[in-house]
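Heads up: the structure comes next, in C-alpha cells.
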Number of protein chains: 2
Amino acid sequence: MGRRTKDESAQTRETILDAAEIEMQARGVSQTSLNRIAQRAQVTRGAIYWHFADKRALLEAMVARTHLPLRDLRQCLSQHIPGNEPLWLLREVMRHGLERLGNDPRHRRVCHIVMHRCEVTDEGHPADALMRAMFEDAREVIMSLCNEIKQLGLLHSQLSARDASDMVMAFVAGHYECVLRHPETHVADRDWGPLVDAALRGLMNDPTQAMLTRAPAAEIQEPEPADH
Amino acid sequence: MGRRTKDESAQTRETILDAAEIEMQARGVSQTSLNRIAQRAQVTRGAIYWHFADKRALLEAMVARTHLPLRDLRQCLSQHIPGNEPLWLLREVMRHGLERLGNDPRHRRVCHIVMHRCEVTDEGHPADALMRAMFEDAREVIMSLCNEIKQLGLLHSQLSARDASDMVMAFVAGHYECVLRHPETHVADRDWGPLVDAALRGLMNDPTQAMLTRAPAAEIQEPEPADH
DNA sequence: GTATACATACATTCGCGTATGTATGTTCGA
DNA sequence: TCGAACATACATACGCGAATGTATGTATAC
C-alpha cells in the first residue's frame, strides 16, 4: 500500500490512537506491544513508527487528545454562575469533574490507563506528566477557591483553606479511584449532587449549611476541549 | 556457595522481598527484572527461583507480608471503644487506615506499588487480588457500620447508607492516592482527626454535629498482623 | 519527479524459565 | 559418634520468544 491522502493519513493516526487506548486499557501499557496496537488498527508497526517516534510519544499523543485544563472549566463556569460565589463555583467544578467520568468515554479511558494501567517510573513519563499536570492544575483552581471561601468566613473553624483543598482533591480523586477500579460496584453515571453537597457540608461552618441545602443547579454547558 | 542453614535461608527470602519492594517502588513492577532484584539482594536469580515460582508469586508473597484484614481492626477497635457506638467506630477505622500510611513504611510501600507501580491486567493478578480483597474487606466493614448509623437515625436525610459508605471509601482512597502519588505536597504524617471529622460531619444530620465536635480520642493499640 | 505514507525485513536486545552444577547442612544407620 | 547418603540452597549456563528500533522497499498523492 503506497502513499495515502492527507486526510486519510490523519484518520490513520486517530485510528492508531483509538486502538492504543483500547488495548492499553485492557492489557496495561507495558504489556501492550506496538504490534497488538497495529493489528487492532489494521496497520503495521511501520505506520505507528511513521506517526510516532516511539511508544512513549504515542502515549503522550494519546493523553494530549483529552487533556482539558481545569482553568478553562473555571473560566467557563465563572461566566455562568450568578454572582460568582466561590462556594457554588467549587461545587460546580467538583460536579463537572465527576460527571465527566460518566459522559466522556475517552476521558474515562485515558484516566483509567494513566491511573491504573501504567507504571509511573522516571520523571517526564507522559502518564506521570499528565497526572501531575491535571493534579496541579486542579489543585491551583481549588486552592484559590478555598482561599476565597475562607476569606468569606464560610469555612469550618477547625479547617484551613489548605485542609479544605486537600479534602476536595481527595474527594474527587477517591471517587475516580472507586469508579475506575471497581466499575462493577461503583457506577459513574449517577447524580453526584448529594455526594458533592455532603462533602462540602463537612467543610463549611454551621451558618453555611442552610445555603448548601437549597440547590442553585444552574445548567452549564461544557467548554470545548482545546486542540492544539 | 553451598547449602545454608534454615534461618539463613529464611533471611535470604526476606532480603529478596525487601529488595523487590524497593526496586518495584522505584521502577515499577514490569520494569523491574528479577536480575535487578537479585543484584540488590546480593544473590543471583537462582536464589529467587528457589524461593518463588516466578515473578507473580514473588509479588504475591510481597503483598501477603503486609495484608491486615480490616475485619481484625474492627474486632480490635470494638473492644476498646466505650459503648461500641458505630459512629465512633467508623471514625477510628478511618483514622487508623490513614495513620497506617504514616507509621507503617512497609504498608505504605506495598500500597504504593500495588496502586501506582503495577499494571493490573488479567484477573487473579496478585496486585489486583490484593486491591480487591482490601477494598471488599473495607467496604464490608464500613457498609455495616453505615447501616448501623443509618438505623440510629444519625445519617443525613438525603443520604443512603450506601451513599455514606461510598463517601467514606472515596475519602480514604482519595487520601491514599494523594499521599502516595504526590508525597512532595501531601504528607502522611499528620493529624488526620480534623479531616476525618469534616468528612463525617457532611454525612450526618444536624443533631449529630454536636457529637462530632467533642473528640472521644480513646488510645487504641494496633492489632498484630496475623502471619500464617 | 519527489516527498509521502506506509509495508516488509532484519538485527539486536533483554528478560524469562529451566537445566544443571556445586558446596554445604542434615539425617540416619552402624 | 562418625561418616556416608541425601536434601537443600543456592550459582551458573543456556535456549527461547518477544518486542523494539531501524533500514529498506514501494506505490501513490502532490
Side-chain angles (χ1 to χ4, degrees), chain A residues 1-20 22-24 26-62 113 117-119 121-122 124-127, chain B residues 1-20 22-24 26-62 113 117-119 121-122 124-127:
Chain A
M1 197 184 306
R3 183 179 179 184
R4 323 191 64 173
T5 179
K6 268 199 160 186
D7 285 353
E8 286 173 326
S9 172
Q11 176 62 37
T12 299
R13 189 188 136 101
E14 294 300 305
T15 306
I16 291 172
L17 289 175
D18 290 340
I22 295 177
E23 289 294 327
M24 285 179 174
R27 255 165 288 275
V29 171
S30 76
Q31 298 301 321
T32 299
S33 67
L34 296 183
N35 200 25
R36 283 202 80 101
I37 298 174
Q39 282 182 356
R40 174 171 288 271
Q42 311 259 45
V43 294
T44 63
R45 276 173 47 243
I48 298 181
Y49 274 102
W50 171 254
H51 285 284
F52 310 99
D54 53 6
K55 203 180 188 178
R56 187 194 208 89
L58 173 63
L59 226 189
E60 213 155 325
M62 220 186 68
I113 291 172
R117 297 293 191 258
C118 182
E119 297 174 4
T121 92
D122 44 359
H125 195 288
Chain B
M1 198 186 305
R3 185 180 178 183
R4 323 191 62 173
T5 179
K6 269 196 162 186
D7 285 352
E8 285 173 327
S9 172
Q11 176 62 38
T12 299
R13 190 187 135 101
E14 295 298 306
T15 306
I16 291 172
L17 289 175
D18 290 340
I22 295 177
E23 288 294 328
M24 285 179 174
R27 253 165 289 275
V29 171
S30 77
Q31 297 301 319
T32 300
S33 68
L34 296 183
N35 199 25
R36 284 203 79 101
I37 298 174
Q39 282 182 355
R40 175 171 288 271
Q42 310 260 46
V43 294
T44 63
R45 274 172 50 245
I48 298 181
Y49 274 102
W50 170 254
H51 285 284
F52 310 99
D54 53 6
K55 203 181 190 178
R56 186 195 208 88
L58 173 62
L59 226 189
E60 212 156 324
M62 220 187 69
I113 292 171
R117 297 293 191 260
C118 182
E119 298 175 3
T121 94
D122 45 357
H125 195 289

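This one's a predicted model, so the numbers in the text were calculated from it and none came from an experiment.
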Which nucleotide wins on minimum distance to the side chain of B:S9, given the candidates D:dC10, C:dG17, D:dA29?
D:dC10
Check: C:dG15 base within 3.5 Å donor-acceptor of B:R45 side chain
no
Rounded to the Å, how far apart are B:D7 CG and C:dT26 C1'?
14 Å
OP1 or OP2 of C:dA5 under 4.0 Å from side-chain N/O of A:H51
no
In whole angstrom, give the distance that lies between atom CH2 of B:W50 and atom P of C:dT24.
17 Å
Output yes when at least one side-chain N/O atom of A:T5 is less than 4.0 Å from OP1 or OP2 of C:dA5, else no.
no
With a non-hydrogen cut-off below 4.0 angstrom, is A:N35 in contact with a base, only sugar-phosphate, or nothing?
nothing
Gap between atoms CD and C1', on B:Q31 and D:dA19 respectively (whole Å)
12 Å
For the pair made of OH in B:Y49 and C1' in C:dA19, what is the distance, rounded to whole Å?
13 Å
Among D:dA13, C:dA5, D:dT20, which is the nearest nucleotide to the side chain of A:R3?
C:dA5
Can you see if the side chain of A:K6 gets near the phosphate of C:dT4 - specifically, an N or O under 4.0 Å from OP1 or OP2?
no
Side chain of A:A47: nearest nucleotide among C:dC6, D:dA11, C:dC16?
C:dC6
When the distance from CD1 of B:I48 to P of C:dC16 is rounded to whole Å, what number comes out?
9 Å
